[in-house]
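Below is one structure, written out as structure tokens; comments come after it.
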Amino acid sequence: MTVAADSATGAASLVQSVDWLAIAPPVIAASVALVVLVADLFVEERRKPLLGYGAVAGLVAALAMLVPLRAGDRSTFCLTGTTQACSYTADHFALVIQALVLGGALLTALLSIGDTRKLPAGEFWFLLLSSAAGAALLPAARDLATLVVALEVASLPAFALVGIKRGDRRSSEAALKFFLSSVVATAVMLLGVSFVYAATGTMHLTEIAARLDDVPGQLSTLAEAGVVLTLVGFAFKTAAAPFHFWVPDTYVGAPLPIAAYLSVVGKAVGFSGLILVTVIAFPSYADVWGPALAVLAALTMTVGNLAALRQSATRARSAVRLLAWSSVGQAGYLLVPIASAAYSSDAQIGSTVAYALMYAVVNLGAFAVAALVARTHPGNRLGDYRGLYATRPLAALAMGFFLLCLAGLPPGIIGLFAKVTVFSSAVDAGLGWLAVVMAVNVVIALYYYLQWTAALFRAPEPSPASDEAPAAPVHRVPAPVTLAIALTAVAGITLSGAPQLILRFATLSLF
């Protein structure tokens, strides 16, 4: 009887309790995704827009569940032995990134309402919510298995969303390029993860960090290869050069709200995973990933800004293409503090997160205005924005503000302070050359941001002849699009009115 009782006790000790409140945000998003998919079978065609409002309500509920977690002290799916490693941790880093990705998904949903008439509504909302659930799970993942699964849950629905415009050759091509590049990235990453597991014998990030400090000599090469391959996989996900080739065509071919989603939520997912594996799992290999990320940062911001500089005002969809290349350049800035963490301390990560929050707000706002302009100018050329102030003054003012924030100029004070935090992280880490490269790229970016801003307030001119049939003018702005523009503008203005929040946030310890 004693042996049986001891066996029962041992078996019971292996049962992990689940903190349902900690995992509520991604669970709610995933649950609402299933509800919307099933409801689509029973909702009449004329009531399909209700599915979009249901998706919005689900994302709002997921965001609301972050409030009781604000202390950042919850973990679940933990090992039951002597070690305290957990697979899911709702710390401050996870909560901030979850707020970013769920807020980005919410604004994407607002932009999409009314634009899904020609798309399969049930599938669209299911895929968007599923991707958002994976994106919300990833920053809380603390083992490599959960990290890879969350990354793929966020990415796989995105492939379908990019190519969801049936019969559109451009959309299908964009989805194929996105899919192939992501599959390659995943394959490389999984190979790296398998090498790391073979060298350490564990999947938990904190345990990996402890065991990498004492890797046997015969496994050191395997561990180094695993670290490098894992970083290469995340470089694809973050659109770091030279792994950025899928970005412009994917953004141009995707529905405009999905392009906005990829530019913010997709980027946040990639950078969150990169931060977790470098800072938490691989700190002992900082001499490997630190210089590599510094070079990638310099290359990425340079390639992105030079390509954005070459966009023609008369080329079809040049506005979206410029935003795509701009996002590549911004990815270079986001890499700077992560590289700096290898030379100084983990506190530099706060600068990346602060910059990501600024970028998310203003870039989503810019895409929201682009979605508004696309309703009357399907070509979405840069030339279509000339004279926007004469027809839609509030939208022009908002777009001008967003572009100035991205450029880091007043009145976009939030953009200026965010760039200062990134620049300071490079200087504090002794990466003076990287700070110089960043300064040069900021000047390059000023040209195309200011050129676009100036066009908004110039006198309009007749559209050039085109073989594309012009769309019928739309005078009434859809309420969800107006709300998306208003929310991002208010958030940007509020943060610009209190820029010290960015500086304070950049100095917080997030882990």
Side-chain angles (χ1 to χ4, degrees), residues 239 244 247-248 251-252 256 259-260 263-264 267 297 300-315 317-334 336 355-373 380-389 392 394-423 437-458 485 488-489 491-493 495-496 499 502:
H244 66 287
V247 173
Y251 284 24
V252 168
L256 203 51
S263 73
V264 172
K267 195 171 264 68
T300 302
M301 66 178 73
T302 303
V303 169
N305 286 318
L306 289 179
L309 198 64
R310 296 174 57 249
Q311 298 308 306
S312 169
T314 58
R315 183 181 182 183
R317 295 167 185 81
S318 55
V320 178
R321 197 171 287 275
L322 188 147
L323 287 174
W325 284 114
S326 166
S327 74
V328 174
Q330 299 288 344
Y333 304 148
L334 287 165
V336 171
Y355 196 94
L357 290 173
M358 179 282 300
Y359 169 77
V361 169
V362 299
N363 206 61
L364 281 170
F367 269 102
V369 177
L372 176 63
V373 173
N380 220 326
R381 300 173 176 83
L382 286 169
D384 296 334
Y385 290 78
R386 177 166 180 167
L388 182 63
Y389 183 77
R392 298 194 186 277
L394 294 180
L397 289 172
M399 187 65 165
F401 174 71
F402 298 140
L403 293 174
L404 290 176
C405 285
L406 289 170
L409 292 176
I413 303 298
I414 177 180
L416 174 62
F417 273 68
K419 281 185 169 57
V420 167
T421 62
V422 171
F423 190 86
V437 172
M438 180 180 172
V440 172
N441 275 277
V442 169
V443 173
I444 294 173
L446 285 178
Y447 177 78
Y448 61 81
Y449 284 134
L450 289 177
Q451 189 178 44
W452 194 352
T453 303
L456 299 172
F457 303 97
R458 288 178 183 160
I485 297 174
T488 50
I493 293 171
L495 290 173
S496 289
I502 293 293

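For T300 (side chain) and A297 (main-chain N/O), no donor-acceptor pair under 3.5 Å exists by modelled atom type. T488 places no side-chain N or O within donor-acceptor distance of the main-chain N or O of L364, the cut-off being under 3.5 Å. A donor-acceptor contact shorter than 3.5 Å is absent between the side chain of K419 and the backbone of Y355.
Side-chain atoms of V361 and F402, non-hydrogen and from C-beta on, never get closer than 4.5 Å to each other. No side-chain heavy atom of Y251 sits under 4.5 Å from any side-chain heavy atom of R317.
One distance of note links CH2 of W452 with CG of L323; it measures 4.0 Å at 0.5 Å rounding. How far CG of N441 is from CG of L446: 11.0 Å, rounded to the nearest 0.5 Å. Separation of atoms CG (D384) and CZ (R386) is listed at 12.0 Å; rounding is to 0.5 Å. Between I413 atom CD1 and I493 atom CD1 the span is 12.0 Å, to the nearest 0.5 Å. Atom-to-atom distance recorded for Q311:CD and R381:CZ is 13.5 Å, nearest 0.5 angstrom. Atoms CE and CD1, on M301 and I444 in that order, are 10.5 Å from each other to the nearest 0.5 Å.
Across S318 and A313, no two heavy atoms sit closer than the pair OG-O, 3.9 Å. L409 approaches L450 most closely through the heavy-atom pair CD1-CD2, 3.6 Å. In this structure, V264 and A360 approach most closely via the heavy-atom pair CG1-CB, 3.4 Å. Pairing each heavy atom of A324 with each of V247, the nearest pair is O-CG1, 3.8 Å. In plain terms, the two heavy atoms of F367 and A259 that are nearest each other are CE2-CB, 3.9 Å.
Applying the side chain to side chain contact (heavy atoms under 4.5 Å, CB included) criterion to A356, with sequence neighbours excluded, gives L100, L334. Taking A445 as the reference, N305, Y333, Y448, Y449 meet the side chain to side chain contact (heavy atoms under 4.5 Å, CB included) condition, with sequence neighbours excluded. Residues passing the ring pair (Phe, Tyr, Trp, His ring centres under 6.0 Å) test with F457, sequence neighbours excluded: Y389. Applying the side chain to side chain contact (heavy atoms under 4.5 Å, CB included) rule to L495 yields the partners I414, L501; only residues at least two apart in sequence or on another chain are considered.
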- Could you walk me through whether I485 and L394 pass side chain to side chain contact (heavy atoms under 4.5 Å, CB included), step by step? CA-CA 10 Å; I485 297 174; L394 294 180; over 6 Å; no

- Test side chain to side chain contact (heavy atoms under 4.5 Å, CB included) applied to W325 and L306, step by step: CA-CA 9 Å; W325 284 114; L306 289 179; over 6 Å; no

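Residues in residues 356-369 take part in these side chain to side chain donor-acceptor pair (under 3.5 Å) pairs, two or more places apart or across chains: S263-N363, Y359-N363. For residues 407-416, there are no side chain to side chain donor-acceptor pair (under 3.5 Å) pairs, not counting sequence neighbours.
Each of V373, L456, L372, L404 was evaluated against M399; a single residue qualifies, L456, per the side chain to side chain contact (heavy atoms under 4.5 Å, CB included) test.
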